[in-house]
Amino acid sequence: MRLFSVKELSDLKEDTEVLLHGWVQETRTTKNLIFVVFRDHTGLAQLTIRRDSWNGIEVDNIPRESAISVSGTFMVHGKSKTGPEISPSKITILNIAGSPLPLAVSDPVNSDIETRLNNRFLDLRKREVGIIFRVESDLLWGIRKHMSQNGFTEVHTPKIVGTSTEGGSDLFAVRYFEKEAFLNQSPQLYKEILVSSGVNRVFEVGPAFRAEKHNTVRHLNEFTSIDIEMAFSDHNDAMVMLENAVRSGILEVSAGEREVKEALGVEVKVPEVPFPRITFEECVDYLSSKGMAHRDGEDFSPDELRIIGERFTGFYFITRWPASLRPFYTMPDPDDSNYTNSFDLQFRENEITSGAQRVHDPEMLRNRFLAKGLNPDDFSFYLEAFRYGMPPHAGWGLGLERLTMIVLGLKNIREATVFPRDRNRISP
RNA sequence: GCCCCGAUAGUGUAGCGGCCUAUCAUACGGGCCUGUCGAGCCCGUGACACGGGUUCAAAUCCCGUUCGGGGCGCCA
């Protein structure tokens, strides 16, 4: 007897013997019959038991969400409306579920995100929740494929570091034997060093840590960053790589489009490339035409981004950011050093990627450190790599959870994180 | 770091000074009915976060504690 998933049942012939592993979602009993709504990772099926011919275990009161194994025969002409119907010959309880459940898996009551995260193992059994991570996985797979096809090497850089990436104070300190160390906020410096090493094109998918006490629906203290760096390239090359990577990811998701539509009611649209580009200055002018005076030297506020985002239906780039708003490693615009060869990828008011051409000249880089009030000596391990033929290069960092949020229209980034780390949560 | 807001049964809620020995739904337990189909009907168990205070009277008002939600800043 072969193991099947519920999804595989529909093509079978009458009376095919099958083995299924999954959970009891619900039982309904009648005088002559017992119906068990059975669920596995692919969908729902119904087990129909005739009391008069049943000699297996007592199934009337198997608690919901208990894990079971079922062997039986497939009924082509079943009357079930909750998926394919199986006539079991044997049911084995693999592990009984406690009762009552701390969280409704199939009830018509919705739990708070707090309750859901505390009981994530049950929450994820819900189809509309589980599918989010299927989508996230597909997105990443599509992006990985694109990077690989374009000659990128996947790398893994340290998450425990001795100095902060950008000199900020928003880092988690950790004990490292007798030294102080930090959880890295970004692989930036390491991927640049690798560019100098002749790898040519690198990408990394890994955690990034930010010790900011933010409390919003779009921030996490640990998130998954997709970072790339490409040699002999500028910001325009990086933007082309980015828009096509995002498109490749969404293309991968669209293969399971119907399921996403059914589970979440969301239409997955593959975006057209190239994405529109708008400069920072054009945004400022646009805001003033809308009666909003943007303050010099400041980033756009959420309100401002909402206004700017209304101009576009989907993804767009904001380019040529002022140097004061960008980190030291960002290449200044050769025509006006007050601006930079940089970009953000936006989706309406949401920022999902930040990127730029980087400074490759060691002298310029030293000066940029000083201009930002940083001590170049603290970064000597990084600066060394620039002294022996560092190629011009560019790259970006993309927040995977934010991309998932956008593709699925989620309201809270915690929905797109299996076990989120936020201002208050470090468990589970 | 700044500013708002919330905490009632397993879950989600009603209540906003006496009508609350606290509402409803769902879950859970029991019964009836039923090839069922978010089934239906009947009965039952189950809660005011904690500590002070105000008041004749507090789930309801005030203060503190704890836990949480959201906005801003910053960013992915």
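Letters A, B, ... mirror the listed sequences (proteins, then strands); counts begin at 1.
Nucleic acid contact class of A:Asp112 (heavy atoms, under 4.0 Å, all strands): sugar-phosphate only. A:Ile352 comes within 4.0 angstrom of the backbone, heavy atoms only, and of no base. Within the 4.0 angstrom heavy-atom criterion, base atoms lie near A:Leu220. A:Asn215 comes within 4.0 angstrom of a base, heavy atoms only. At a threshold of 4.0 angstrom between heavy atoms, the contacts of A:Gln46 include nucleobase atoms, whether or not backbone atoms are also involved. Within 4.0 Å of A:Glu85, counting heavy atoms only, lies at least one base atom of the nucleic acid. Base engagement by A:Thr30 is indicated by at least one non-hydrogen atom pair under 4.0 Å involving a base atom. Residue-level contact check: A:Ser301 touches the backbone only, with heavy atoms under 4.0 Å from sugar-phosphate atoms and none from bases. Nucleic acid contact class of A:Val217 (heavy atoms, under 4.0 Å, all strands): sugar-phosphate only.
Remark: A:Glu262 engages A:Arg127 in a salt bridge, criterion side-chain N to carboxylate O under 4.0 Å.
The same atom, P, is picked in B:rA58 and in B:rU65; the two are 24 Å apart, to the nearest Å. Comparing the P positions of B:rC28 and B:rC75 gives a spacing of 50 Å, expressed to the nearest Å. Nucleotides B:rU8 and B:rC20 are separated by 12 Å at their C1' atoms, to the nearest Å. Rounded to a whole angstrom, the distance from the P atom of B:rG17 to that of B:rG12 is 26 Å. Nucleotides B:rC32 and B:rA59 have their C1' atoms positioned 37 Å apart, rounded to a whole Å. To the nearest whole angstrom, the two C1' atoms, one in B:rG35 and one in B:rC19, are 48 Å apart. Distance noted for atom P between B:rA27 and B:rU21: 29 Å (whole Å). Only the C1' atoms considered, B:rU11 is 28 Å distant from B:rG51, to the nearest whole Å.
The distance between atom CZ of A:Arg402 and atom P of B:rA76, rounded to the nearest whole Å, is 8 Å. The CZ atom of A:Arg423 sits 18 Å away from the P atom of B:rG73 (whole-angstrom rounding). The separation between A:Ile228 atom CD1 and B:rA76 atom P is 15 Å, rounded to whole Å. When rounded to the nearest whole Å, the span between CZ of A:Arg51 and P of B:rG35 equals 12 Å. When the P atom of B:rC72 is taken as reference, atom NE2 of A:His214 falls 12 Å away, rounded to whole Å.
With a 4.5 Å cut-off on side-chain heavy atoms, A:Phe369 and A:Asn375 do not count as touching. Residues A:Leu12 and A:Leu9 are in side-chain contact: their nearest non-hydrogen atoms beyond the backbone lie under 4.5 Å apart.
Residues A:Glu180 and A:Ala173 share a closest heavy-atom pair of OE2-CB, 3.9 Å. The shortest non-hydrogen separation linking A:Leu44 to A:Val6 is O-CG1, 3.3 Å.
In this structure, A:Phe223 packs face-to-face on the six-membered ring of B:rA76, meeting both the 5.5 Å centre cutoff and the 30° plane limit.
Comparing B:rA39, B:rG69, B:rU34 by their closest approach to the side chain of A:Arg28 singles out B:rA39. Distances from the side chain of A:Arg414 to the nucleotides B:rG73, B:rC75, B:rG70 place B:rG70 closest. Comparing B:rC74, B:rU36, B:rG70 by their nearest atom to the side chain of A:Asn412 picks out B:rG70.
With both pairing distances under 3.5 Å, B:rU54 is matched to nothing as a Watson-Crick or G-U wobble pair. Pair check for B:rG38 finds none; no Watson-Crick or G-U wobble contact set falls under 3.5 Å. Applying the Watson-Crick and G-U wobble criteria (two distances, each under 3.5 Å), B:rU66 pairs with B:rA7. Pairing of B:rG73, defined by two Watson-Crick or G-U wobble distances under 3.5 Å, is not identified with any nucleotide. Under the Watson-Crick or G-U wobble criterion, with both distances below 3.5 Å, B:rC20 is left unpaired in every strand shown. Figure legend. B:rA47 is base-paired to no nucleotide; pairs are counted as Watson-Crick or G-U wobble with both atom distances under 3.5 Å.
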Check the interface with nucleotides 23-28 of chain B: list each N/O to N/O pair with the protein under 3.5 Å, or write none.
from, atom 1, to, atom 2, distance (Å)
B:rU26, O2', A:Asp107, OD2, 3.4

Table of protein N/O atoms under 3.5 Å from nucleotides 64-67 of chain B N/O atoms:
none

Tabulate atom names and distances for all N/O pairs under 3.5 angstrom spanning the protein and nucleotides 3-8 of chain B.
none

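A close approach under 4.0 Å does occur between a side-chain nitrogen or oxygen of A:Arg218 and OP1 or OP2 of B:rC72. In terms of phosphate contacts, A:Thr115 brings a side-chain nitrogen or oxygen within less than 4.0 Å of OP1 or OP2 of B:rG12.
Going from atom CD1 of A:Ile143 over to atom CG of A:Leu251 covers 12.0 Å, rounded to the nearest 0.5 Å.
Of the N and O atoms on the side chains of A:Ser225 and A:Asp227, at least one donor lies less than 3.5 Å from an acceptor on the other residue.
In this structure, the salt bridge (charged side-chain N to carboxylate O under 4.0 Å, His left out) partners of A:Glu204, at least two apart in sequence or on a different chain, are A:Lys159. When the side chain to side chain donor-acceptor pair (under 3.5 Å) test is applied to A:Asp123, the partners found at least two apart in sequence or on another chain are A:Arg116, A:Arg120, A:Lys126. Taking A:His146 as the reference, A:Asn150 meet the side chain to side chain donor-acceptor pair (under 3.5 Å) condition, with sequence neighbours excluded.
Heavy atoms of other residues, nucleotides or ligands lying less than 6.0 angstrom from CZ of A:Arg134 number 12 at most. Remark: A:Glu14 CD is packed, more than 12 non-hydrogen atoms of other residues, nucleotides or ligands lying under 6.0 Å away.
When each of A:Ser111 and A:Arg50 is assigned the nucleotide of RNA chain B bearing its nearest heavy atom, the one mapping closer to the 5' terminus is A:Ser111. With the nearest nucleotide of RNA chain B identified for both A:Leu345 and A:Pro102, A:Pro102 has the one nearer the 5' end.
Cation-pi geometry between A:Arg311 and A:Tyr316 is not satisfied (NZ or CZ under 6.0 Å from the ring centre, within 45° of the ring normal).
In terms of polar N and O atoms assigned as donor or acceptor, the side chain of A:His219 comes within less than 3.5 Å of the base of B:rC74 in a complementary pairing.
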*Stepwise side chain to side chain donor-acceptor pair (under 3.5 Å) test for A:His294 and A:Glu304*: CA-CA 8 Å; A:His294 178 76; A:Glu304 290 174 329; 3.1 Å; yes
_Audit row: A:Phe312, A:Phe317, ring pair (Phe, Tyr, Trp, His ring centres under 6.0 Å) steps and yes/no_ = CA-CA 10 Å; A:Phe312 304 95; A:Phe317 286 108; over 10 Å; no
